[in-house]
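Notes to accompany the following structure.
Everything numeric here is computed off the predicted structure, so don't read it as measured data.
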Amino acid sequence: MNSLVLRRFLVLQTIALATFLSSACTGSVPMPSSDISSGQAIIDLGNALGQLREDNALLQADLDSLRAVVAYQDSIVRQLAALSNVSMRPSPAVVP
């Protein structure tokens, strides 16, 4: 009789331990859908950042091109003014 009580106690203890462990594990396992949406948001953010960098590079190239055109036109106007003996004010300081 003593072994029967010991077996029941061990079975109940095993069931209680299994229940506790399974309930503890469900709280610590992250939800896969939230991981997927977080990962997708990070990927989208990286893509948007890459696009902004490309746009910034294009704008910088356009700005450099416009500066070159303005400098060329300014030098032509100054040459024409010098040839026709017309005085011009000094060119403004170049902003880098």
Side-chain angles (χ1 to χ4, degrees):
M1 180 149 160
N2 195 8
S3 74
L4 184 62
V5 172
L6 184 61
R7 277 190 207 161
R8 284 184 182 172
F9 178 72
L10 287 175
V11 168
L12 287 174
Q13 187 179 10
T14 304
I15 292 172
L17 182 63
T19 304
F20 173 74
L21 290 177
S22 68
S23 67
C25 287
T26 41
S28 65
V29 174
M31 297 300 290
S33 62
S34 66
D35 286 345
I36 291 171
S37 63
S38 296
Q40 186 63 41
I42 290 172
I43 290 171
D44 292 343
L45 184 62
N47 291 340
L49 184 60
Q51 186 63 41
L52 282 174
R53 286 181 178 163
E54 288 178 19
D55 291 346
N56 189 25
L58 289 173
L59 286 173
Q60 187 64 46
D62 288 346
L63 184 63
D64 291 342
S65 174
L66 288 173
R67 282 184 180 163
V69 168
V70 168
Y72 178 74
Q73 289 177 352
D74 185 55
S75 65
I76 289 177
V77 168
R78 292 197 179 279
Q79 288 174 1
L80 290 174
L83 289 175
S84 61
N85 292 328
V86 175
S87 64
M88 289 185 62
R89 62 182 181 169
S91 61
V94 176
V95 178

Which atom pairs, donor and acceptor, lie under 3.5 Å between side-chain atoms of residues 42-56 and protein residues at least two apart or in another chain?
{"from": "Asp44", "atom 1": "OD1", "to": "Gln40", "atom 2": "NE2", "distance (Å)": "3.0"}
{"from": "Asn47", "atom 1": "ND2", "to": "Ile43", "atom 2": "O", "distance (Å)": "3.4"}
{"from": "Gln51", "atom 1": "NE2", "to": "Asp55", "atom 2": "OD1", "distance (Å)": "3.2"}

Separation between CG (Leu58) and CD (Gln60), nearest 0.5 Å, reads 11.0 Å

Hey, which of Val69, Asp64, Val70 is the one that makes side-chain contact (heavy atoms from CB on, under 4.5 Å) with Arg67?
Asp64

First locate atom CE of Met88, then atom CG of Leu80, and finally report the distance between them rounded to the nearest 0.5 Å.
9.5 Å

